[in-house]
Chemist: 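What follows is a single structure, and I will ask about it in a moment.
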Amino acid sequence: MRMMSKKFPVKLLILGIGISFIGLGWHYPASPSEEEAQDAGKMIYTTGKSTTGQDILAIMSAVEVPAAVLPCLNCHGANGRGKPEGGVVPSDIRWKVLTKSYESIRTNGRVHPPYDEQTLKRAITMGLDPAGNALHQAMPRYRMSREDMDQLIGYLKQLGHSTEPGVSDTTINIGVLLPGDPHFSSRNDQVWKILSAYFNTLNDNGGIYGRRIVLKQPSSVNKNADLLDRAKAYLEQTDIFALTASSFNGVDHQLSALANSYRIPVVGALSAFPLTGVLENKFVFYLYPGAANLGKALGEFALEKMGHAPEKVVILYESSPYREQLAQSIRDNLVQQGQEVLNRSFTPDGIPPNDLVRSLDHHAGDILYYIGPPAFGNRLLIEADHEGWQPVVLIPATLSGLDPFAIPAAFTNKVFMAYPTWLTDRKAHALEFYAQLCRQYNLNRQHLNSQLNALASATILVEAIRQSGRALTREKLIDRLENMYVFQTGLIPPVSYNINKRIGSERVYITAADPEKKEMILVDMIQ
């Protein structure tokens, strides 16, 4: 919405906003909560889109366009004050200014009394001020439902009273949530350093629309607390706009609910079990498909390779929360396909590999899913070979592994490992940029994959912030992410999100070992 009298170039006409009614016979559904109504009004203001499913249209010079082309935010800003640009002086549309008790004098000398709800609606729908004067010709007349109008007016009443979390005129605060387990401390340190180096370099080159990116650490969070408790404390103590390169393993439902509660976008999250449905997960955008999808892709590959359904499938998994969850997910998928499946847990220190193989002798299947630590996996295959059992071995490599160059000869061309990314995804220019960061900030290349994943996540976030423009809000960031298509980070497969898609890359690479060349080779790619 724009109320002004100064003339300005035609190329700036798209910055205006206005609204009028459709559907006068609209029947309200159950009344939304105050918070839901505020969120709906904010969405209209910032994106021009409705949560009701109704179209919002703008009419300018007898031409109708979607309101999303002309969001109020573009002209009046996140605080409603407006920011002069190119000779354009947007009106201050904060409620306290619109409804001040004395008459307002417009820049063309016309006088009008204060606005109230009805006259503001008329200004939005018909382009008339409270005195009946026509607003500037650049202001579109919009059409929306009665419910959307009420929600917009409700949001305008509080506009300017709050600021976007983590955003100031000069800074954008970004956070990262990493595992507190001491086992991950070295990896966490490298992830933090590469993110700091990337944002420092970005800031040295002017930041984003004049704002610096500030990577925020929580002031006092118990490092020994579990991930969910640490996340709660982090978000309570730290003013951040969004999270990036964060780990969600094992508690995706809880962390997604937490992100929803705080309305905070999480960009480039990593998890073995990502939530794919936008209804349960609006704010979290993952990089990869997760270990369960790797296992599913491996099963599809094995069926095609064998040419027939296996008589039996054995799933051996280490008794740990993540690996047990993965094994159960793979089993459920196979059972749905009518497969006979044997799930068997083990503890590496609890049973020797030879005893484990012998205990499976009469259950041995054509396919073995191995979900456990590398050293135990290699010993397991040696014992299986001794017992004359040489199944096709499938390994979702994010939560398990083995040394494919130290397996018995009988398993050559029978061991396949699945990854969410592959060497060909890493482009020369992106690797050189990473190398420059390492040289400039004296970083080592330990935990290389984790560093490159973090850098890819941050690159996606920065691109979405850039596309959001200077008037940055979380809603605009989410909207930009939902419209991101085959974005190239140069470090991982191309990333695409949409309103129903929260996994950036769904590729799965099936690999095997070439024992002669002592290198891994790409066997298949499934998407």
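Sequence positions, counted from 1, serve as the residue numbers for this chain.
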Chemist: Between D189 and K193, is there a salt bridge with N-O shorter than 4.0 Å?
Modeler: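 Looking at K193 and D189, the cut-off is met.
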
Chemist: State, to 0.1 Å, how close L195 and A454 come at their nearest heavy-atom pair, and which atoms those are.
Modeler: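 Answer, listing the atom of L195 first, then A454: CD2-O, 3.5 Å.
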
Chemist: Between T47 and I44 (side chain of the first, backbone of the second, donor and acceptor by atom type, cut-off under 3.5 Å), is there such a pair?
Modeler: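 Flag not set: sc T47 to bb I44 has no pair under 3.5 Å.
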
Chemist: Begin from the C-alpha positions of V393 and L381 and carry the test side chain to side chain contact (heavy atoms under 4.5 Å, CB included) through to its verdict.
Modeler: CA-CA 9 Å; V393 181; L381 293 193; 3.9 Å; yes

Chemist: Would you compute the distance between atom CG of L298 and atom CD1 of I510 and round it to the nearest 0.5 angstrom?
Modeler: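 These two atoms lie 4.0 Å from each other.
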
Chemist: Indicate yes or no for a side-chain donor-acceptor contact from T244 to the backbone of V267 under 3.5 Å, with no hydrogens or angles considered.
Modeler: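 Side chain of T244 to backbone of V267: a pair is present.
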
Chemist: A quick test of your reading: do over 12 heavy atoms of other residues, nucleotides or ligands sit less than 6.0 Å from CD of E236?
Modeler: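 Check passes, neighbour count above 12.
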
Chemist: Does CD in E516 sit with more than 12 non-hydrogen atoms of other residues, nucleotides or ligands closer than 6.0 Å?
Modeler: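 Open.
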
Chemist: Hey, which of N203, L202, T201 is the one that makes side-chain contact (heavy atoms from CB on, under 4.5 Å) with N205?
Modeler: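 So the option named by the test is T201.
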
Chemist: Test your reading of the model: is there a side-chain donor-acceptor pair from K501 to the backbone of I503, 3.5 Å cut-off?
Modeler: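 Yes, K501 side chain to I503 backbone: donor-acceptor pair under 3.5 Å.
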
Chemist: Please test D425 against T421 for side-chain hydrogen bond (donor to acceptor under 3.5 Å, both in side chains), starting from the C-alpha separation and ending with a verdict.
Modeler: CA-CA 7 Å; D425 295 321; T421 187; 3.1 Å; yes

Chemist: May I ask you to check whether Y45 and Y155 place their ring centres under 6.0 Å from each other?
Modeler: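 Aromatic pair counts; centres sit under 6.0 Å.
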
Chemist: What residue among V335, L394, I315 forms side-chain contact (heavy atoms from CB on, under 4.5 Å) with I330?
Modeler: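 Of all the options given, the one that passes is I315.
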
Chemist: Using a 6.0 Å cut-off, check whether atom CG of N413 has over 12 heavy atoms from anything other than its own residue.
Modeler: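 It does not: N413 CG has 12 such atoms or fewer within range.
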
Chemist: Side chains of M520 and P404, heavy atoms from C-beta outward: is any pair under 4.5 Å?
Modeler: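 Sidechains of P404 and M520: in contact.
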
Chemist: Under a 4.5 Å cut-off applied to non-hydrogen side-chain atoms, are N500 and N498 in contact?
Modeler: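 Answer yes - side chains close enough.
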
Chemist: How long is the gap from CD1 on I213 to CG on L461, to the nearest 0.5 Å?
Modeler: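 Reported to 0.5 Å precision, the distance equals 6.5 Å.
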
Chemist: Do Q336 and D332 meet the criterion of a side-chain donor-acceptor pair at a distance under 3.5 Å?
Modeler: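 The criterion, which ignores hydrogens and geometry beyond distance, is not satisfied for D332 and Q336.
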
Chemist: Between E432 and K427, does any NZ, NE, NH1 or NH2 come within less than 4.0 Å of an OD or OE carboxylate oxygen?
Modeler: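 Looking at E432 together with K427, the answer is no, because their closest N to O distance does not fall below 4.0 Å.
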
Chemist: Looking only at heavy atoms, what is the nearest atom pair of G377 and Y370, with distance?
Modeler: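 Answer, listing the atom of G377 first, then Y370: N-OH, 3.0 Å.
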
Chemist: Locate the shortest heavy-atom distance separating Y286 from S271; write the atom from each residue and the value.
Modeler: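 Shortest heavy-atom separation between Y286 and S271 comes out as CE2-CB, 3.7 Å.
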
Chemist: With a 3.5 Å distance limit and no angle check, can you tell me whether N453 reaches the backbone of N449 through a side-chain donor-acceptor pair?
Modeler: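 Here the side-chain-to-backbone pair exists.
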
Chemist: Assess whether side chain to side chain contact (heavy atoms under 4.5 Å, CB included) is satisfied between F241 and V214, documenting all intermediate values.
Modeler: CA-CA 10 Å; F241 173 69; V214 179; over 6 Å; no

Chemist: Pairing donors with acceptors under 3.5 angstrom, does anything connect the side chains of E463 and Q467?
Modeler: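 Yes, Q467 and E463 have a side-chain donor paired with an acceptor closer than 3.5 Å.
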
Chemist: Can D524 and K305 be counted as an ion pair, charged N to O under 4.0 angstrom?
Modeler: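 Judged by the 4.0 Å cut-off on N to carboxylate O distance, D524 and K305 do not form a salt bridge.
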
Chemist: Answer yes or no: is there a side-chain heavy-atom contact under 4.5 Å between L402 and V415?
Modeler: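 Sidechains of V415 and L402: in contact.
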
Chemist: In sequence, state the C-alpha distance, the side-chain angles, and the governing distance for Y434 and Q451, and then conclude on side-chain hydrogen bond (donor to acceptor under 3.5 Å, both in side chains).
Modeler: CA-CA 9 Å; Y434 166 72; Q451 288 193 54; 3.1 Å; yes

Chemist: Does Q337 reach the side chain of L303, with side-chain heavy atoms less than 4.5 Å apart?
Modeler: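 They are in side-chain contact.
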
Chemist: Under a 4.0 Å N-O cut-off, is there an ion pair linking E482 with K282?
Modeler: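 Answer for the salt bridge query: no.
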
Chemist: Assess the residue pair Y497 and F285 against the criterion (ring-ring contact (aromatic ring centres under 6.0 Å, His included)); give the C-alpha distance rounded to whole Å, side-chain angles, the decisive distance to 0.1 Å, and a yes or no.
Modeler: CA-CA 8 Å; Y497 300 107; F285 294 80; 5.1 Å; yes

Chemist: Over all heavy atoms of both residues, which pair between R470 and R211 is shortest? Give the atoms and the distance, please.
Modeler: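 Residues R470 and R211, closest heavy atoms: O-NH1, 2.8 Å.
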
Chemist: Mind listing the closest non-hydrogen atom pair of A291 and T398 along with its distance?
Modeler: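 Heavy atoms of A291 and T398 come nearest at CB-OG1, 3.3 Å.
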
Chemist: Measuring from I351:CD1 to L356:CG, what's the distance to the nearest 0.5 Å?
Modeler: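 So the CD1 of I351 and the CG of L356 are separated by 5.0 Å.
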
Chemist: Hey, could you give me the CD1/CD1 distance between I172 and I208, rounded to the nearest 0.5 Å?
Modeler: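 Those atoms lie 5.0 Å apart.
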
Chemist: At what distance, to the nearest 0.5 angstrom, does CG of L270 lie from OG of S246?
Modeler: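 The distance works out to 8.5 Å.
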
Chemist: Under a 3.5 Å distance rule, please check whether N483 uses its side chain to pair with a backbone N or O of D479 as donor and acceptor.
Modeler: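 Pair found, side chain donor or acceptor close to backbone of D479.
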
Chemist: For D55 and S50, run side chain to side chain contact (heavy atoms under 4.5 Å, CB included): C-alpha distance rounded to whole Å, both residues' side-chain angles, the deciding distance at 0.1 Å, then the answer.
Modeler: CA-CA 7 Å; D55 291 333; S50 169; over 6 Å; no

Chemist: Under a 3.5 Å distance rule, please check whether Y262 uses its side chain to pair with a backbone N or O of A257 as donor and acceptor.
Modeler: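 Flag not set: sc Y262 to bb A257 has no pair under 3.5 Å.
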
Chemist: Go through D385 and Q390 one step at a time and tell me if the side-chain hydrogen bond (donor to acceptor under 3.5 Å, both in side chains) criterion holds.
Modeler: CA-CA 6 Å; D385 187 38; Q390 294 96 19; 3.0 Å; yes

Chemist: Does a side-chain heavy-atom distance below 4.5 Å link L294 with Y288?
Modeler: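 The answer is no, as the side chains (C-beta and beyond) never meet within the 4.5 Å cut-off.
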
Chemist: Does W422 offer a backbone N or O that forms a donor-acceptor pair with the side chain of R507 under 3.5 Å?
Modeler: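 Side chain of R507 to backbone of W422, a donor-acceptor pair under 3.5 Å: no, none is there.
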
Chemist: Please tell me if the side chains of S186 and Q446 come closer than 4.5 Å, counting only heavy atoms from C-beta onward.
Modeler: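 Yes - at least one pair of side-chain heavy atoms lies under 4.5 Å apart.
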
Chemist: Short question: side chain of D366, backbone of E311 - any donor-acceptor pair under 3.5 Å?
Modeler: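 Yes: the side chain of D366 pairs with the backbone of E311.
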
Chemist: Could you tell me whether E164 and K42 have a side-chain N and a carboxylate O separated by less than 4.0 Å?
Modeler: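 Yes.
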
Chemist: Without hydrogens or angle criteria, can the side chains of N293 and E506 be said to hold a donor-acceptor pair below 3.5 Å?
Modeler: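 The answer is no; no qualifying pair exists.
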
Chemist: What distance do N343 atom CG and Y317 atom OH have between them, rounded to the nearest 0.5 Å?
Modeler: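 The OH atom of Y317 is 5.5 Å from CG of N343, to the nearest 0.5 Å.
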
Chemist: Consider only side-chain N and O atoms of R344 and S359, and report whether a donor and an acceptor are under 3.5 Å apart.
Modeler: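 There is such a pair between these side chains.
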
Chemist: Taking it one step at a time, do L491 and T489 satisfy side chain to side chain contact (heavy atoms under 4.5 Å, CB included)?
Modeler: CA-CA 5 Å; L491 298 168; T489 67; 3.8 Å; yes

Chemist: Within the distance-only criterion (no hydrogens, no angle test), does the side chain of S457 pair as donor or acceptor with the backbone N or O of G268 below 3.5 angstrom?
Modeler: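 Side chain of S457 to backbone of G268: a pair is present.
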
Chemist: Side chains of F248 and L275: closer than 4.5 Å at any heavy-atom pair?
Modeler: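 SC-SC contact between F248 and L275 ruled out.
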
Chemist: Check for a donor-acceptor pair, side chain of K312 on one end and backbone N or O of V341 on the other, with a separation under 3.5 Å.
Modeler: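 No; zero donor-acceptor contacts below 3.5 Å.
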
Chemist: I want to check something: taking the side chain as every heavy atom from C-beta on, are V313 and E340 in contact at a cut-off of under 4.5 Å?
Modeler: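 No - every pair of side-chain heavy atoms lies 4.5 Å or more apart.
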
Chemist: Please work out which of the three classes, parallel, tilted or perpendicular, describes the rings of F376 and F346, given edges at 30° and 60°.
Modeler: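 Ring orientation, 0 to 90° scale: parallel.
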
Chemist: For V176 and A245, which heavy atoms make the closest approach, and how far apart are they?
Modeler: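 Minimum heavy-atom contact is CG2-O, 3.5 Å.
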
